[in-house]
Amino acid sequence: MSDWNIDQAEELYGVNRWGAGYFSIGENGNIQIRPNHRLPDVTIDMKEVVDEIISEGIQFPAVIRFHDILRSQVEIINETFGKQIEEANYQGQYCGVFPIKVNQMREVVEEIMDAGEPYNYGLEAGSKPELMAVMAYNDNPEALTILNGYKDKDYLTLALLGRQLKRKMIIVIEKFSELEMLIPLAKQMGVKPMIGLRSKMMVKSSGKWAGSSGDRAKFGLSIAEILNVIERLREEDMLHCAKLLHFHIGSQLSDIRKIKEAVNEGARLYAKLVLEGMPLEYLDIGGGLGIDYDGTSTTNDSSRNYSTEEYVADVVWGVKQICDLEKVPHPNLVSESGRAMTAHHSCVVTNIVGEMKPAGTQYDISASSDEHILVKNMRELHSSGDQFHPQERYNDAAGYKQNAYEAFKLGILSLNEMAKLDTMYWQILADIHHSLDKDTYVMQELEELEDMLASQYLCNFSVFQSAADTWAIGQVLPVVPISRLNEQPEVRCSIVDITCDSDGKLSKYIEGTDISDHIPMHNLRKGEDYHVGLFLTGAYQDVMGDMHNLFGRLTEVHVYCHDDEPGDFYIEEVVPGTSAEKVLQTMQYNTEYMAKTVKKQIDRQVRKGSLAPREGVRWTNFYEHCLAGSTYLRVE
Ligand SMILES: *Cc1c(COP(=O)(O)O)cnc(C)c1O
């Protein structure tokens with residue numbers, strides 16, 4: 001046990017493998033963050049951040065945002081494209097945009113726009129409310145605003161207004177009917193729109209978003225439709241408005257070969273359209289740049305088998321090659337990477353508030369004179385030690401337990417006997433498990449023991465609010481204790497949340513290079529908090545969560561790194577989470593009425609004399625205090 005060290009912790013939790021240079025395990029056993037890719041010497045000790053949060057009186061769970069990571073990711077993608085473009089002697093420019101659906105938080109969008117300004121980094125919107133946000137937040141006249149998604153007249157009118165305000169707003173036509181709506185509107189307003197065309201790609205992507213491409217894709221125009229668009233624009237003398245060709249074959253592309261194939265198809269289509277007379281200037285390759293959530297560097301759904309450099313190189317060199325062959329000018333390259341910009345910058349930190357152990361209940365199992373034969377049998381097995389083969393002992397225990405259950409249903413066994421029998425059963429299982437040599441046993445039932453005996457750690461958060469994709473699509477997210485990584489984790493457990501939903505749990509964990517049903521964590525110590533981090537939640541998870549069981553948004557803590565600060569960081573802002581009151585109000589409750597009603601009930605008991613007046617006031621205040629408070633567990 002004592003030979004456990006942080007290398008073993010690294011091996012187990014894979015922090016470097018998924019951490020992308022931002023996260024690691026420190027010598028002191030705490031998670032360390034290196035948030036600024038330009039300042040590799042600035043490291044933040046996560047435990048210190050947690051301690052400071054506690055000392056400011058902020059309750060967990062909390063979302064911690066590292067704004068420097070966000071900035072770093074924006075800089076890295078722009079600089080990587082810049083470098084490849086220079087090396088390839090590519091004639092176009094990179095004009096990236098951030099798709100705000102991935103994280104629409106104002107602070108996130110502002111930080112990205114600020115970090116992206118030197119590169120004229122823009123924004124992408126996929127709905128009318130998103131368009132309204134990007135109109136206000138992308139005020140760089142050189143940066144693109146790409147408008148995807150299905151559109152109505154209001155959406156198109158707002159976009160044309162943006163053109164009138166001299167913004168580079170590109171309306172991407174997803175459906176032919178959008179063009180029919182756009183043409184008269186543009187004429188009416190006297191505005192020349194910038195038009196993009198979304199192509200329905202033939203390449204079949206794999207993974208969770210395979211439906212985003214292929215003939216049956218929800219979005220985009222077939223080649224026949226694109227030719228009709230050209231025809232229609234020509235008729236209206238608007239062909240010069242066609243500026244951009246767009247495709248997006250899905251998110252979290254795990255296999256680089258699919259990306260190459262898509263770039264090939266897209267570049268070929270681009271070149272052919274230019275040769276048809278379309279004055280295109282931009283090729284937009286959509287999103288899809290993946291994140292290695294599980295740290296395996298494979299084509300697993302939660303991983304990717306390529307680096308950002310490889311991705312960018314394949315795009316730049318791939319487009320160049322085809323355009324050179326077709327003898328058309330190199331287009332400006334647009335990408336809409338969202339996940340890759342934001343995933344690393346935020347994490348959820350919370351505490352474990354309890355443990356449920358199947359073998360943990362202690363009930364007096366001493367023998368009584370008249371006990372039932374089934375209880376006696378279990379007792380013999382209980383004291384038999386290793387006289388029997390483990391498999392045999394396991395089978396017998398399971399058999400007795402089944403018989404006992406039948407007997408209980410028939411009224412033959414008492415509650416007391418059931419409790420004894422059950423207690424012995426779990427002790428036997430724990431005993432067998434303990435005696436097994438893990439390297440040699442192979443029997444499937446015995447492997448199941450691991451699962452049966454695993455603890456459940458009750459974690460103060462809601463999967464539905466903070467990690468929706470783990471529930472919805474089986475996404476793996478790294479979970480790691482914030483500290484004690486220099487100690488051996490001795491408890492195999494699964495992590496369950498505080499919602500009243502049996503789906504409210506994390507069901508896949510990183511364990512070395514495998515994905516496992518359980519995760520080793522440390523023993524909980526009395527009187528000591530045990531904080532765990534759920535990492536890489538900055539893309540989609542931050543903003544997709546729902547209020548299942550009325551658990552609202554988490555408190556947010558915004559951390560910036562600073563060389564001159566002790567510990568190299570400071571908390572710039574704390575945004576309180578949603579109060580119980582607010583959550584209830586979104587469900588149409590009138591919380592004033594609720595408080596009044598409860599007060600009336602209390603007053604009635606005061607009048608009747610069953611509550612002292614002073615107590616009555618105290619309870620009234622307490623109810624109101626809880627309404628104003630957090631929806632999560634308050635841990636003292
Ligand atoms: C969702 C989406 C993106 C973002 O994809 P990521 O995989 O998060 O980079 C980009 N473009 C379009 C059209 C999208 O629908």
Side-chain angles (χ1 to χ4, degrees), residues 20 70 73-74 76-78 80-81 94-105 108-109 112 116 121-128 130-131 134 144-151 155 170-175 178 196-201 205-213 217-221 244-256 258-259 262-263 266 282-293 301-304 306 308 311-312 315 333-346 468-469 472-473 475 477 536-544:
L70 207 47
Q73 288 296 90
V74 171
I76 288 169
I77 192 142
N78 279 288
T80 309
F81 264 103
Y94 175 62
C95 322
V97 292
F98 171 66
I100 68 165
K101 75 157 188 239
V102 178
N103 195 324
Q104 301 101 338
M105 294 285 300
V108 170
V109 173
I112 288 177
Y121 197 63
L123 295 174
E124 185 261 7
S127 68
K128 205 167 22 177
E130 286 187 356
L131 164 56
V134 301
L144 294 180
T145 300
I146 305 275
L147 303 175
N148 292 317
Y150 290 127
K151 301 163 191 77
Y155 188 136
I170 304 189
I171 300 170
V172 177
I173 302 293
E174 306 266 9
K175 268 184 355 179
E178 290 174 355
L197 305 176
R198 176 159 179 176
S199 154
K200 189 175 276 189
M201 299 286 279
S205 69
S206 50
K208 301 288 183 193
W209 285 270
S212 307
S213 65
K218 193 166 99 178
F219 291 111
L221 306 163
L244 174 142
L245 178 70
H246 173 263
F247 64 86
H248 170 73
I249 65 163
S251 196
Q252 184 60 18
L253 299 172
S254 57
D255 190 349
I256 189 75
K258 288 291 169 196
I259 294 167
V263 167
Y282 299 92
L283 176 60
D284 180 349
I285 60 167
L289 177 54
I291 290 284
D292 194 2
Y293 291 99
D301 285 347
S302 297
S303 185
R304 64 174 194 183
Y306 56 90
T308 302
Y311 172 87
V312 171
V315 171
L333 293 170
V334 182
S335 81
E336 304 173 344
S337 281
R339 185 186 297 277
M341 292 305 100
T342 57
H344 294 94
H345 93 281
S346 86
D469 279 344
I473 56 168
Q475 164 91 61
L477 289 175
L536 311 186
T537 57
Y540 302 101
Q541 314 314 303
D542 260 356
V543 292
M544 256 183 358

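Please read these numbers as outputs of a predicted model, since none were measured by experiment. Ligands are counted one by one from 1 in listed order, and the atoms in each one are counted from 1 as well. Positions are given from 1 along the sequence.
- Per-residue contacts place Lys101 under 4.0 angstrom from the following atoms of ligand 1 (heavy atoms of the residue considered): 1 (C), 2 (C), 3 (C), 14 (C), 15 (O).
- Panel note: side chain Ser251, backbone Gly288; no donor-acceptor pair is recorded below 3.5 Å.
- At least one N or O atom of Glu336 sits closer than 3.5 Å to an N or O atom of ligand 1.
- Of all the heavy atoms of Ser251, the ones lying under 4.0 Å from any atom of ligand 1 are found in both the backbone and the side chain.
- Between the side chains of Asn148 and Glu124, a donor-acceptor pair is found at a separation under 3.5 Å.
- Of all atoms in ligand 1, listed by their number and element, those nearer than 4.0 Å to a heavy atom of Arg339 are 6 (P), 8 (O), 9 (O).
- Ring geometry for Tyr94 versus Phe81: interplanar angle under 30°, hence parallel rather than tilted (30 to 60°).
- Only the side chain of His248 comes within contact range of ligand 1, with a heavy atom under 4.0 Å; no backbone atom does.
- In terms of modelled atom types and a separation under 3.5 Å, the side chain of Lys151 and the main chain of Gly149 share a donor-acceptor contact.
- In the vicinity of Ser337, heavy-atom distances shorter than 4.0 Å reach the ligand 1 atoms 9 (O).
- Heavy-atom contacts of Pro99 reach the following atoms of ligand 1: 4 (C) (cutoff under 4.0 Å).
- Within ligand 1, the atoms closer than 4.0 Å to a non-hydrogen atom of Val102 are 8 (O), numbered from 1 in the order shown.
- Proximity of the aromatic rings of Tyr150 and Tyr155 is defined here by a centroid distance below 6.0 angstrom, and this criterion is not met.
- Between the side chain of Asn103 and the main chain of Gly538, a donor-acceptor pair closer than 3.5 Å is present.
- Residue-ligand proximity, Gly338 to ligand 1, at heavy-atom distances under 4.0 Å covers atoms 6 (P), 8 (O), 9 (O).
- Gln541 places a side-chain N or O within donor-acceptor distance of the main-chain N or O of Ala468, the cut-off being under 3.5 Å.
- Counting only distance, with no hydrogens or angles, the side chain of Tyr540 and the backbone of Gly338 share no donor-acceptor pair below 3.5 Å.
- Near Asn148, meaning under 4.0 Å from one of its heavy atoms, ligand 1 places the atoms 13 (C).
- At least one N/O-N/O distance between Tyr540 and ligand 1 falls below 3.5 Å.
- Geometrically, ligand 1 and Ala340 share no nitrogen or oxygen pair separated by less than 3.5 Å.
- Under the 3.5 Å distance criterion, the side-chain polar atoms of Arg304 are matched with a main-chain donor or acceptor of Gly290.
- Atom numbering of ligand 1 starts at 1 in the shown order; those under 4.0 Å from a heavy atom of Gly288 are 5 (O), 6 (P), 7 (O), 9 (O).
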